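Inspection log for the structure reproduced underneath, given as structure tokens.
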Amino acid sequence: MDKIRMTTPLVEMDGDEMTRILWRMIKEELLEPFVELKTEYYDLGLENRDRTGDQVTVDSAEATKKYKVAVKCATITPNAARMEEYHLKEMWKSPNGTIRALLDGTVFRAPIIVKGIEPYVKTWKKPITLARHAYGDVYKASEMVIPGPGRVELVYTAEDGSVSSETVHEFKGAGIVQGMHNLDCSMESFARSCFQYALDTRQDLWFAAKDTISKKYDHHFKDVFEEIYEKEYRAKFEASGITYFYTLIDDAIARVIKSEGGFIWACKNYDGDVMSDMVATAFGSLAMMTSVLVSPQGYYEYEAAHGTVQRHYYQHLEGKSTSTNPVATIFAWSGAFRKRGELDRLPELCRFADLLERASLETIESGKMTKDLALITSLENVNVMDSADFIREIRTRLEALLGCE
């Protein structure tokens with residue numbers, strides 16, 4: 001069969017550790033044999049980010065603005081232990097946070113539903129999509145260790161030189177302090193992305209924060225959502241038969257657990273990070289969660305919602321076989337192919353994306369899966385496979401679906 005042609009490159013962002021190994025396997029077994037792969041490649045592995053002073057991360061985001069669609073491998077956000085392990089010049093910020101800030105988008109994460117993997121929450125019948133704000137808060141925070149007694153203040157100096165301040169705390173001894181911020185323009189983009197995505201997918205939208213405690217910061221988010229909804233989206237929502245409402249995040253959690261699913265749950269940056277992991281795990285596995293950053297300007301960045309699978313990587317370096325689940329990374333590629341095909345009017349590329357996902361799910365449903373799924377499946381007599389064999393099994397099914405010999 002002739003390879004499927006692409007006309008515009010994808011921005012390819014390589015990553016770290018075990019997911020970097022899977023990335024190469026997926027390209028060699030599932031993509032390059034079938035697609036004339038066109039990508040603009042950026043190595044976001046931690047060593048190269050350190051080597052370039054993290055400029056490569058900025059460059060990859062700027063390329064995404066040019067080409068509109070990107071696909072990203074999982075990357076390390078270094079802590080003190082990683083600083084020592086990789087001999088870093090600096091404790092670089094989260095590459096995801098940098099990219100999200102530059103693209104000004106919202107991250108939509110949803111579980112991949114497959115027969116034989118039942119949600120731990122028995123009431124859940126439909127996917128729950130997490131909409132995570134993609135800018136600011138703790139991910140762009142400034143922090144300071146307080147060595148001893150003294151006063152910490154928030155100080156705002158206006159362009160005209162006037163100053164206003166707020167005491168954070170009168171320290172009687174040592175401690176720590178953190179300063180967070182957000183931007184009206186980013187909050188407005190977040191709200192509009194959520195409202196539009198809800199309309200596009202015909203799902204109810206919930207927004208949850210903690211304005212009873214954070215009476216200015218979180219309450220401002222609530223006000224931005226409410227104002228945009230009333231002015232721009234209420235009539236559209238009513239015409240589509242879907243609803244929007246705000247609730248406290250602790251109330252939202254209780255509602256989510258009792259729900260059947262099938263809605264979008266919008267959260268601030270950190271809340272969305274944590275709650276998307278909770279939802280992914282409760283649906284079965286962090287490796288079964290799609291993630292796409294959607295910008296109001298029409299930029300799309302697809303990735304897996306999980307990390308770099310550090311433990312499996314160390315086993316791999318020891319020459320041991322690992323059963324690491326590649327499905328979310330496969331779906332990152334298929335999502336990027338589908339969007340690239342839609343934008344470039346390439347139906348064969350969209351069809352390939354659909355069949356790649358179908359082959360992946362049918363492999364699991366046939367009882368062939370990685371260890372993480374074998375531990376929770378309701379299927380009997382399953383065949384636990386290592387990553388390479390699992391990917392090769394998907395290829396066999398993909399070839400059959402594509403009509404290959």
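Quick note: numbers below take in every heavy atom, side chains included, and nothing from hydrogens, waters or symmetry partners. Keep in mind it's a predicted model, so treat the numbers as computed, not measured.
Between Arg255 and Asp251, at least one side-chain nitrogen of the basic residue sits less than 4.0 Å from a carboxylate oxygen of the acidic one, meeting the salt-bridge criterion. A salt bridge is absent between Asp54 and Lys93: the closest approach of a Lys/Arg side-chain nitrogen to an acidic carboxylate oxygen does not fall below 4.0 angstrom. Between Lys231 and Glu227, at least one side-chain N (NZ, or NE/NH1/NH2) sits under 4.0 Å from a carboxylate O, which counts as a salt bridge. Between Asp218 and Lys210, no side-chain nitrogen of the basic residue sits less than 4.0 Å from a carboxylate oxygen of the acidic one, so the salt-bridge criterion is not met. Here Arg395 pairs with Glu399 in a salt bridge; the nearest charged N to carboxylate O distance falls below 4.0 Å. Between Glu238 and Arg234 there is a salt bridge, since a side-chain N of the basic residue sits under 4.0 Å from a carboxylate O of the acidic one. A salt bridge links Glu357 to Arg338: at least one charged side-chain nitrogen sits closer than 4.0 Å to a carboxylate oxygen. Using a 4.0 Å cut-off between charged side-chain N and carboxylate O, Lys65 and Asp104 make no salt bridge.
Contact annotation: the side chain of Asn383 approaches that of Met385 to within less than 4.5 Å [non-hydrogen atoms, C-beta and beyond]. Contact of the Ile364 side chain with the Lys368 side chain is not registered, since no non-hydrogen atoms from C-beta on lie closer than 4.5 Å. Put simply, the side chain of Val163 reaches to within 4.5 Å of the side chain of Val155, judged on heavy atoms. The shortest distance between side-chain heavy atoms of Met187 and His220 falls below 4.5 Å. Side-chain contact between Leu154 and Ser165 is absent, with no heavy-atom pair separated by less than 4.5 Å. In this structure, Tyr217 and Asp137 have side chains that are in contact, with non-hydrogen atoms separated by less than 4.5 Å.
At most 12 non-hydrogen atoms from other residues, nucleotides or ligands lie less than 6.0 angstrom from CD of Glu84. By the 6.0 Å contact criterion, CE on Met278 is enclosed, its count of non-hydrogen atoms from other residues, nucleotides or ligands being greater than 12. Atom CD of Gln178 sits in a crowded spot, with more than 12 heavy atoms from other residues, nucleotides or ligands closer than 6.0 Å. Around atom NZ of Lys126, no more than 12 heavy atoms belonging to other residues, nucleotides or ligands sit under 6.0 Å away. In the displayed structure, Glu260 atom CD is contacted under 6.0 Å by at most 12 heavy atoms of other residues, nucleotides or ligands. For Lys38, the NZ atom is densely surrounded, since the number of other residues' heavy atoms within 6.0 Å is greater than 12. More than 12 heavy atoms of other residues, nucleotides or ligands shown are found within 6.0 angstrom of CG on Asp160. Atom CG of Asp184 sits in a crowded spot, with more than 12 heavy atoms from other residues, nucleotides or ligands closer than 6.0 Å.
When all heavy atoms of Ser360 and Phe331 are compared, the closest pair comes out as CB-CE1, 4.1 Å. The minimum heavy-atom distance between Leu31 and Trp333, with the atom names listed, is CD1-CD2, 3.4 Å. Minimum interatomic distance between Ile242 and Ala198 (heavy atoms only, all atoms of both residues): CD1-O, 3.7 Å. In terms of heavy-atom proximity, Phe108 sits nearest to Ser193 at CZ-O, 3.6 Å. Across all their heavy atoms, Arg132 and Phe190 have their closest contact at C-CE1, 4.0 Å. When all heavy atoms of Cys194 and Thr106 are compared, the closest pair comes out as SG-CG2, 4.2 Å.
Residues in residues 75-98 take part in no ring pair (Phe, Tyr, Trp, His ring centres under 6.0 Å) pair, two or more places apart or across chains.
Judged by distance alone, with hydrogens and angles left aside, the side-chain atoms of Lys215 form a donor-acceptor pair with the main-chain N or O of Thr212 at under 3.5 Å. At distances below 3.5 Å, not a single donor-acceptor pair connects side-chain atoms of Thr370 with backbone N or O atoms of Ser323. With hydrogens and angles ignored, the 3.5 Å screen pairs a side-chain donor or acceptor of Asn79 with a backbone N or O of Ala81. Side-chain atoms of Ser387 come within 3.5 Å of backbone N or O of Thr322 as a donor-acceptor pair.
At a cut-off of 3.5 Å, with distance as the only test, no side-chain donor of Gln310 or Thr308 sits close to an acceptor on the other residue. For the residue pair Glu40 and Tyr42, a side-chain donor N or O sits within less than 3.5 Å of a side-chain acceptor on the partner. Side-chain contact of Thr8 with Asp344: a donor-acceptor pair under 3.5 Å is present, judged by distance alone. Side-chain polar atoms of His133 and Tyr270 form no donor-acceptor pair below 3.5 angstrom.
Among Lys339, Arg340, Glu342, the single residue meeting the side chain to side chain contact (heavy atoms under 4.5 Å, CB included) criterion with Cys350 is Glu342.
Under the rule for a side chain to side chain contact (heavy atoms under 4.5 Å, CB included), the partners of Arg351 that lie at least two apart in sequence or sit in another chain are Glu348, Leu355, Leu402. Looking at residues two or more places apart in sequence or on another chain, you find a ring pair (Phe, Tyr, Trp, His ring centres under 6.0 Å) between Phe195 and Phe225, Tyr229, Tyr233, Phe237, Tyr244.
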(Q) Using ring pair (Phe, Tyr, Trp, His ring centres under 6.0 Å), reason through His219 and Tyr246 one step at a time and then give a plain yes or no. (A) CA-CA 11 Å; His219 202 287; Tyr246 170 83; 8.1 Å; no
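Between Phe263 and Trp206, the ring center distance clears the sub-6.0 Å criterion.
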